[in-house]
Amino acid sequence: MRLSFKILIIWVKPPGTIELKTSFGDLTMEKGIRIVDLLGKEEEYTGKKALVQGWVRTKRDSKAGICFIEINDGSCMKSLQVIAELDREDYSELLKKITTGSAILVEGAVSASPGKGQSIELHAERIHLYGWADPALYPLQKKRHSFEYLRQIAHLRPRTNTIGAAARVRNRLSYAIHQFFQNLGFHYIHTPIITASDCEGAGEIFRVTTLDPVHPVDTTEEDPYRNDFFAKPAFLTVSGQLQAEIYALALGRVYTFGPTFRAENSNTSRHLAEFWMVEPEMAFYDLEDDLDLAQAFIKKLVGVVLDDCGEELEFFARFIEPELMARLQNAAQSAFEVITYSEAVDILIKSSEKFAFPVQWGVDLQSEHERYLTERVFKKPLGIINFPRSLKPFYMRVNDDEKTVAAMDILVPGIGEIIGGSQREERLDLLLEQMRIKEISADDYRWYIELRQFGSVPHSGFGLGLERMMQFVTGIQNIREVIPFPRTPGHVEF
RNA sequence: UCCCCGGUAGCUCAAUGGCAGAGCGGGUGGCUGUUAACCACUAGGUUGAUGGUUCGAGUCCGUCCCGGGGAGCCA
């Protein structure tokens with residue numbers, strides 16, 4: 001029997017064209033240099049040849065015999081200026097066809113640019129047009145578009161500066177999340193997407209079923225879900241926390257990072273039906289340890305973006321949020337303020353601020369209260385701990401005062417709550433009491449209870465919404481712009 | 001889901017109840033080492049849908065759909 005194999009060849013061809021060719025059968029595809037790499041080594045490439053591939057942002061003809069093409073390949077904010085000669089026999093006809101949005105390859109010599117706005121440019125010796133874009137129909141113009149419009153063309157919007165930059169920052173953040181936890185010895189656990197845990201305090205949930213929607217379950221039957229796929233009600237997860245606890249009580253320190261679903265009919269700039277959440281869970285951590293970790297985590301994420309996404313931040317600061325850099329520097333450098341819920345209530349009551357919702361001990365803090373505290377009083381990230389027991393879910397650890405639980409919320413200016421976490425109730429009797437008060441079925445959570453029966457330990461964890469973090473570090477106001485394909489009530493396009 | 005604001009050309013927006021408009025984008029021509037280029041000409045509309053008031057509705061009223069801001073819920 002003959003073995004078939006695919007060959008990957010990489011070679012550097014003097015005087016500097018880096019090519020990478022893959023052979024899949026008889027198809028050969030050229031691979032050029034990414035624009036970010038080219039611009040990062042301007043001096044090295046000046047005077048040498050390079051091959052780039054990307055999408056045309058704009059083209060300007062000059063009757064002096066040349067044409068300027070701005071090509072962007074998504075590797076960075078910057079586009080590369082290509083100089084093409086209008087009267088060249090080999091590509092002059094092709095040049096006429098190149099329009100904004102077209103996908104092209106350009107090979108040529110890199111030289112210093114005499115014009116303003118760019119240090120180097122590429123003088124085309126060979127041009128290839130992969131895919132033309134009809135200028136009468138291409139929906140993206142050179143000028144600014146509204147985010148509402150771009151959302152309708154989510155298949156093309158990553159080609160814009162803002163959405164492209166957001167995608168690169170999101171990638172860097174995601175990587176940094178793994179780096180942060182891996183460096184601290186955390187294990188990445190894949191908690192289930194489909195779950196039968198349907199309460200946990202979270203609101204509406206998505207049902208997962210293979211039952212015929214036209215003929216829904218007969219509720220008069222003894223077991224209406226008998227014929228459903230899982231033979232019982234199943235849902236999309238609203239949190240991986242409870243399962244993460246299982247692994248924390250075996251591997252010590254773990255985290256989950258994956259999609260999370262809420263079927264709430266929330267129409268706001270801060271809510272999605274499908275979003276990504278990071279949930280660390282640590283054995284032998286109390287609330288203070290939890291808080292310390294959360295603070296270090298936020299500082300690390302902000303620091304990484306400041307260090308590695310400079311161009312993107314500069315762009316966001318210029319066009320989206322002027323205060324962005326100050327906000328991020330502040331979050332990366334200053335220590336977070338931490339107060340108790342009771343202290344927060346005192347501050348709010350003593351303030352002269354007029355709130356739409358009056359404050360008193362025992363009621364939940366409203367958005368206006370949170371914003372006042374983090375934006376007006378402390379002007380930096382703020383942790384609030386020890387909330388009234390009645391306001392928080394059953395799994396949070398009851399404090400000695402028996403009135404509060406070891407919960408923590410971290411609020412940031414401009415966004416509000418970005419992290420919610422707690423020390424978990426590890427004492428069997430108190431957990432059962434909490435479940436009884438909150439009317440949680442002990443049968444459904446047998447396994448969760450058994451974690452307290454067999455080798456229970458103090459443990460803590462928190463959840464951070466990736467998109468909320470994205471909003472914080474980019475300054476982009478609507479959460480629908482920081483996720484590639486937003487799912488909100490009435491919207492599952494793309 | 002509730003409150004407020006909006007929906008007019010491909011995009012961003014004008015238009016006292018009285019002829020449907022501009023800028024940008026597109027097309028054509030001109031000019032220029034250009035940079036969100038510039039100049040001229042040109043094409044482009046069932047004013048979100050539906051019902052009503054009126055001699056006459058983009059404009060006023062009802063209902064619905066969609067978008068934005070805020071609220072609730074939360075991450």
Side-chain angles (χ1 to χ4, degrees), chain A residues 57-70 78-86 99-101 111-118 121 123 133-153 160-161 200-205 237-241 257 259-279 294 319 355-357 364-371 391-393 409-412 415-421 462-472 477-480 482-483 488-491:
Chain A
R57 283 291 177 83
T58 105
K59 191 180 95 171
R60 296 176 292 271
D61 280 339
S62 163
K63 286 298 185 302
I66 58 172
C67 163
F68 303 91
I69 304 170
E70 252 176 62
K78 290 199 180 97
S79 296
L80 180 67
Q81 174 160 287
V82 170
I83 310 296
E85 292 160 48
L86 287 165
T99 54
T100 297
S111 70
S113 174
K116 286 176 187 168
Q118 63 282 318
E121 56 193 25
H123 289 257
D134 186 341
L137 300 173
Y138 189 61
L140 291 175
Q141 301 174 8
K142 281 184 279 190
K143 66 163 191 171
R144 228 166 150 172
H145 289 290
S146 67
F147 288 134
E148 295 79 31
Y149 172 68
L150 291 177
R151 230 175 274 150
Q152 295 165 26
I153 49 169
T160 64
N161 286 329
E200 202 233 296
E204 299 296 313
I205 48 183
T237 183
V238 294
S239 163
Q241 178 203 315
F257 180 23
T260 308
F261 308 88
R262 303 280 164 88
E264 290 287 350
N265 190 8
S266 302
N267 293 291
T268 82
S269 56
R270 307 182 307 283
H271 291 86
L272 292 164
E274 177 182 285
F275 63 99
W276 283 63
M277 192 152 66
V278 188
E279 293 173 289
F319 292 106
F355 296 111
F357 294 86
D364 227 342
L365 299 179
Q366 306 290 315
S367 286
E368 57 173 346
H369 306 141
E370 296 181 346
R371 265 209 309 276
L391 298 179
K392 294 292 183 180
D409 284 357
I410 293 181
L411 317 176
V412 293
I415 306 296
E417 186 178 343
I418 198 167
I419 277 181
F462 63 82
L464 172 128
L466 179 67
E467 288 76 17
R468 294 271 175 93
M469 193 64 192
M470 277 291 295
Q471 288 181 281
F472 183 63
Q477 296 211 325
N478 197 311
I479 200 165
R480 292 161 201 180
V482 298
I483 189 168
T488 54
H491 294 283

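Naming: A, B, ... by sequence-line order, numbering from 1 per chain.
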Subject >> Euclidean distance for P, C60(B) against A14(B) (whole angstrom) >> reply: 14 Å

**OP:** Please state the C1' separation for the pair U16(B) and U28(B) - nearest whole angstrom.
**Re:** 40 Å

Subject >> Closest nucleotide among G33(B), A37(B), A71(B) to the T58(A) side chain >> reply: A37(B)

Original post:
Which of the following nucleotides, G26(B), C11(B), C73(B), is nearest to the side chain of P135(A)?
Top reply: G26(B)

Subject >> Under 3.5 Å donor-acceptor pair, R144(A) side-chain atoms to C24(B) base atoms >> reply: no

Original post:
Of the candidate nucleotides C11(B), U1(B), G26(B), which contains the atom at the shortest distance from the side chain of A136(A)?
Top reply: G26(B)

Original post:
Are S239(A) and E279(A) linked by a side-chain donor-acceptor pair shorter than 3.5 Å?
Top reply: yes

Subject >> Distance-only donor-acceptor test (3.5 Å): side chain Q118(A), base U34(B) >> reply: yes

Original post:
When the distance from CG of L411(A) to P of A75(B) is rounded to whole Å, what number comes out?
Top reply: 12 Å

**OP:** Would you check if T488(A) and L272(A) make a side-chain contact, meaning some heavy-atom pair closer than 4.5 Å?
**Re:** yes

**OP:** Round to the nearest Å and state the distance from E85(A) atom CD to G33(B) atom C1'.
**Re:** 13 Å

Original post:
With no angle test and no hydrogens, is the base of G33(B) tied to the side chain of E121(A) by a donor-acceptor pair under 3.5 Å?
Top reply: yes

Original post:
Going by modelled atom types, is there a donor-acceptor pair between the base of U34(B) and the side chain of Q81(A) at under 3.5 Å?
Top reply: yes

**OP:** Please state how far atom NZ in K59(A) lies from atom C1' in A37(B), giving the value in whole angstrom units.
**Re:** 15 Å

Original post:
In whole angstrom, what separates R57(A)'s CZ from U35(B)'s C1'?
Top reply: 14 Å

Original post:
Which nucleotide sits closest to the side chain of Q141(A): C74(B), A71(B), G25(B)?
Top reply: G25(B)

**OP:** Record whether the side chain of S266(A) comes under 3.5 Å of the base of C74(B) through a donor-acceptor pair of N or O atoms.
**Re:** no

Original post:
U12(B), A75(B), G33(B): which one has an atom nearest the side-chain heavy atoms of M277(A)?
Top reply: A75(B)

**OP:** Look at the side chain of S146(A) and decide which nucleotide, out of U12(B), G72(B), C11(B), has an atom nearest to it.
**Re:** U12(B)

Subject >> Which nucleotide in G72(B), G70(B), G33(B) has an atom nearest any side-chain atom of H271(A) >> reply: G72(B)

Subject >> From U35(B), G70(B), A75(B), nucleotide with atom closest to S269(A) side chain >> reply: G70(B)

**OP:** Answer with yes or no whether the side chains of R262(A) and T260(A) bring together a donor and an acceptor at under 3.5 Å.
**Re:** no

Original post:
Of the candidate nucleotides A75(B), G10(B), G69(B), which contains the atom at the shortest distance from the side chain of N478(A)?
Top reply: G69(B)

Subject >> Rounded interatomic separation in angstrom, taking CZ from R270(A) and P from C74(B) >> reply: 12 Å

Subject >> Given A71(B), U34(B), A75(B), the nucleotide with the shortest approach to the side chain of L272(A) >> reply: A75(B)

Original post:
Distance check: side-chain N/O of K116(A) vs OP1/OP2 of G33(B), anything under 4.0 Å?
Top reply: no

